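Beneath this line is the structure, given in structure tokens, with notes to follow.
Nothing fancy with the numbering, it's 1 onward along the sequence. When a ligand or atom number is given, it counts from 1 through the structure's own listing order. On a predicted model such as this, the values are computed, not experimentally measured, just so you know.
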Amino acid sequence: MATATEAAGTAYHDPATGTFLLTTSLTAYAVRVTGDGVCQLYWGPRLSPRQAAGLPLPDWHGGEGIGDELPAEGTERFGPAALHVAFSDGTEAVEWRDAGHTIDGGHLTLRLADRHYPLELELHYRVRPDSDVIERWTVLCHSGADDPVSIVRADTAAWSLPQRQDYRLSYVVGAWAAEFHLQRVRAPQGELTLTSRRGSTRHEKNPWIMVDPGDATEDHGEVWSTALAWGGTWRITAWRTLTNRLDVLTGAGHDGIRRALRPGECWTTPVAAGLYAADGFGGTSRRWHDYVRTVVLPRPDEVRPVLYNSWEGTWFDVDEASLRQTATLAAELGVELFVVDDGWFGKRINEHAALGDWWPNPDRFPEGLAPLIAHVHDLGMRFGIWVEPEMVNPDSELYRAHPDWALHMNHRRRTELRSQLVLNFARPDVAAWAHGWLDRLVTDHAIDFLKWDMNRAFTEAGWPGNDDPHRLYLDHTTAVYDLMDRLRADHPGLRIETCASGGGRVDLGILRRTDQAWASDNTDPVDRIAIQHGYGQVYPAVTMGAWASESPNPINQRCTPLRFRFHVAMAGALGVSGNLREWSVAERSEAAELIAAYQKVRHIVQHGHLYRRTPASPDRTTVVQYVSADGAETVVLAWRATARFGELAGPLRLAGLAVDADYRDAETGTVHAGAALTHHGLDLGLPPGEYASTLRHLRRG
Ligand code: GLA
């Protein structure tokens, strides 16, 4: 039994051995300060401080560098470096001495100082009583007065896995309209690097990784994972040695960028969060979801409104008259937030012009946005609008006035992607301009919600005349964060959706200042099953924007029933997109019923615990279950796209229920024993044929 001195969310110090122990409710993490740095001793199930103090220093410490909390370039740590600094006299190695520590509840700070050069390092750790997640971040300070120190690499953390027979890696890969595809591969001997070099998080990889010994399942087994809270470029390297050790390095920035740490300056890395779970990938996901909801999100308590978005209804073709009609129809469906997507500003009639000219298009909105917003508010809905503040089209008044505001390099072309360039948000004048118009837009129009898009990657990412130009990779992201934070602080009612050509900027950094994410531009419900499966490995349903949209789907032309589209989208924060003026009365009435059904269960989906009851598959039955935080309700969503004979006809066992309680089907009134649901299963009652789906809601008692 845990004693008072072993409370969860606490840090302990054993001065005799130099051991520090962090405890969470189920896990422990131990490090030891040695003569020349900090070595990880342990990461796994709970240990007492006495047990931690008795741990030996691993005999591999100091050899390959595995186990070092921040292995540095230039020493006998021959693995990939988490820290690489260059001093002005050519020295590119560090030699640390212990410079003390502080413990403040669950926050431990270890201080190291270079033995010769003016460089100080703080390793920060934070644990909380209600989460098994350990947060780490690092502060590097130039403590001198002379030359800057060049930082070639400054990761947040190295995480060492305890020795196991084998290691397997899980992570997501993707592309536009195909984000979050889960990969599960044996860890190769050598280094496997996941990275973004594109200026922001992007679709190709997402900044988290899970490691298991190769035998974890959805419900059983040990899984270690780490996720980075950063929306700029990043790198995660999993390094496996021949002696079968595995280390994961994680940090902001991609290979090849270097920047100066000036005298007196400190650089604080983004947080890397780490999690050990002993109950498989399902338990791992549920713990990440809890962490995001309780620690990361700004407004975790709220249920996300059902939104309508104009994009897949009319694309760039928006105007006051048609949007008024659509808003009336959306309100009849039960929509609570009406979002006008791209096409409302400047001379924006397609993707080739006007990014940067953030005033209502006078041809489309002759009286400005106010009459439409008043209409939307009168209908009882909130009003949201699409913006892409970090971008500019060369064909815009902004670019003609300020061509230097775009990222560029001397004597190099400015590569256009989607006909646009990236604004250099690291420039204070650009950040001030963006704050000015966004603040006016939100204030003058009582805007409730911004869909904040970021549609292209950085190229020619230079800043002529600036003596430390790579820094813009970091400062751009920080400036975006500062701007979002300031807008939120000044407009407490404002909610923000993160979007980057779909799910290109979803991470623990952006989620700290946004409420939900647009997971993918692919709204085909069958493709979405895999996308949502990968998204949900770390990020909870409350953040996952999901629309029921048109059929045939604009991305892949697949035709699916309305009900199937809605049932798949109900696994997240439900939205609708489509040309409602062309939907039949029958379609609108069915959509209204489905929205009402979602509104009855969304608190369970958004705030409950996710149990993936089957693997996610486009051609098998996929079942997800959510159990409310108080355990009193559960929702089952099942989807089967193909008409495969005999496919999952029988009962499906549910999870997370009390075996001694009864559960009543909210629709049919049928009572099921918790024990029967747990051990025998629930008959899903999926109708025959393709695109079969169901929503089941059971209440205790
Ligand atoms: C991006 C977004 C879409 C939509 C368009 C508008 O592609 O992902 O949802 O907002 O931009 O141009």
Side-chain angles (χ1 to χ4, degrees), residues 174-180 198-204 206 231 307-319 323 326 337-358 360-361 364 383-393 395-396 416-423 441 447 449-457 495-507 510 514-524 527-528 531-532 535 543-550 553-556 565 569 572-579:
W176 173 76
E179 298 87 340
F180 303 108
R198 298 178 185 233
S200 65
T201 324
R202 302 315 287 179
H203 310 69
E204 289 68 26
N206 196 265
L307 65 77
Y308 172 83
N309 181 295
S310 63
W311 183 238
E312 291 192 18
T314 48
W315 310 103
F316 290 97
D317 214 357
V318 291
D319 60 46
L323 286 170
T326 306
L337 167 65
F338 187 80
V339 184
V340 177
D341 209 282
D342 203 347
W344 62 270
F345 54 91
K347 296 204 168 97
R348 184 80 165 172
I349 52 166
N350 53 40
E351 67 188 38
H352 301 302
L355 286 172
D357 299 345
W358 297 107
N361 179 324
R364 297 177 163 198
F383 182 82
I385 201 157
W386 180 92
V387 292
E388 196 179 4
E390 298 148 79
M391 298 292 157
V392 64
N393 288 117
D395 183 4
S396 66
E416 292 179 26
L417 300 173
R418 211 189 190 219
S419 302
Q420 64 198 57
L421 300 171
V422 182
L423 289 172
L441 179 74
I447 304 269
F449 180 94
L450 294 174
K451 176 179 175 184
W452 187 304
D453 211 338
M454 200 276 191
N455 272 311
R456 63 153 285 178
R495 302 290 173 263
I496 303 178
E497 176 175 52
T498 174
C499 173
S501 289
R505 189 159 61 186
V506 184
D507 54 77
I510 203 83
T514 54
D515 302 281
Q516 59 194 73
W518 180 224
S520 179
D521 277 347
N522 187 340
T523 52
D524 167 58
D527 284 1
R528 270 269 173 167
I531 293 171
Q532 296 184 170
Y535 184 101
T543 66
M544 187 177 73
W547 303 340
S549 72
E550 297 281 3
N553 187 273
I555 291 282
N556 63 10
R565 280 174 264 152
L574 177 67
V576 184
S577 189
N579 192 343

### Task
Decide whether the shortest distance between a heavy atom of E351 and an atom of ligand 1 is less than 4.0 Å.
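The answer is no: ligand 1 sits nowhere under 4.0 Å from a heavy atom of E351.
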### Task
For R418 and ligand 1, answer yes if some heavy atom of the residue is under 4.0 Å from a ligand atom, otherwise no.
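Yes, R418 has a heavy atom closer than 4.0 Å to ligand 1.
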### Query
Looking at S520 and A178, what are the two nearest heavy atoms and their distance?
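Taking S520 first and A178 second, the nearest heavy atoms are OG-N, 4.3 Å.
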### Query
What closest approach, in Å, do S577 and N309 show between heavy atoms, and which atom pair accounts for it?
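Here S577 and N309 meet closest at OG-O, 2.7 Å.
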### Message
If the test is salt bridge (charged side-chain N to carboxylate O under 4.0 Å, His left out), which one of E388, E390, E179, E497 qualifies with R505?
### Response
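Answer after filtering E388, E390, E179, E497: E390.
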Taking only heavy atoms of [X], which atoms of ligand 1 are found under 4.0 Å from at least one of them?
X: G502; value: 8 (O)
X: S501; value: 7 (O), 8 (O)
X: C499; value: 2 (C), 8 (O)

### Query
Just heavy atoms, cut-off under 4.0 Å: does K451 contact ligand 1 by side chain, backbone, both, or neither?
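Within the 4.0 Å criterion, K451 contacts ligand 1 through side-chain atoms alone.
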### Task
Answer with side chain, backbone, both or neither: which part of N455 has a heavy atom less than 4.0 angstrom from an atom of ligand 1?
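Under 4.0 Å from ligand 1, N455 contributes side-chain atoms alone.
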Can you tell me the protein heavy atom closest to [atom] and the distance?
atom: atom 4 (C) of ligand 1; answer: D341 OD1, 3.4 Å
atom: atom 12 (O) of ligand 1; answer: D342 OD2, 2.6 Å
atom: atom 2 (C) of ligand 1; answer: D453 OD2, 3.1 Å
atom: atom 7 (O) of ligand 1; answer: D521 OD2, 3.0 Å

#### Entry: Greater than 12 external heavy atoms within 6.0 Å of R364's CZ
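Buried by this count: over 12 neighbours within 6.0 Å.
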### Message
Run the side chain to side chain contact (heavy atoms under 4.5 Å, CB included) test on N522 and I531 for me, step by step, so that the C-alpha distance in whole Å, both residues' side-chain angles and the decisive distance to 0.1 Å come before the verdict.
### Response
CA-CA 9 Å; N522 187 340; I531 293 171; 4.1 Å; yes
### Task
Go through the steps for Q516 and L307 under the test side chain to side chain contact (heavy atoms under 4.5 Å, CB included), then give the verdict.
CA-CA 12 Å; Q516 59 194 73; L307 65 77; 3.6 Å; yes
### Query
What do you reckon, are the aromatic ring centroids of F449 and W386 less than 6.0 Å apart?
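When the ring centroids of F449 and W386 are compared, they turn out to be at least 6.0 Å apart.
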### salt bridge (Lys or Arg N to Asp or Glu O under 4.0 Å) assessment of K451 paired with D341
CA-CA 8 Å; K451 176 179 175 184; D341 209 282; 2.7 Å; yes
### Message
Judged on heavy-atom distance to atom 5 (C) of ligand 1, which of W547, W518, W311 sits nearest?
### Response
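Ranked by closest heavy atom to atom 5 (C) of ligand 1, first place is W311.
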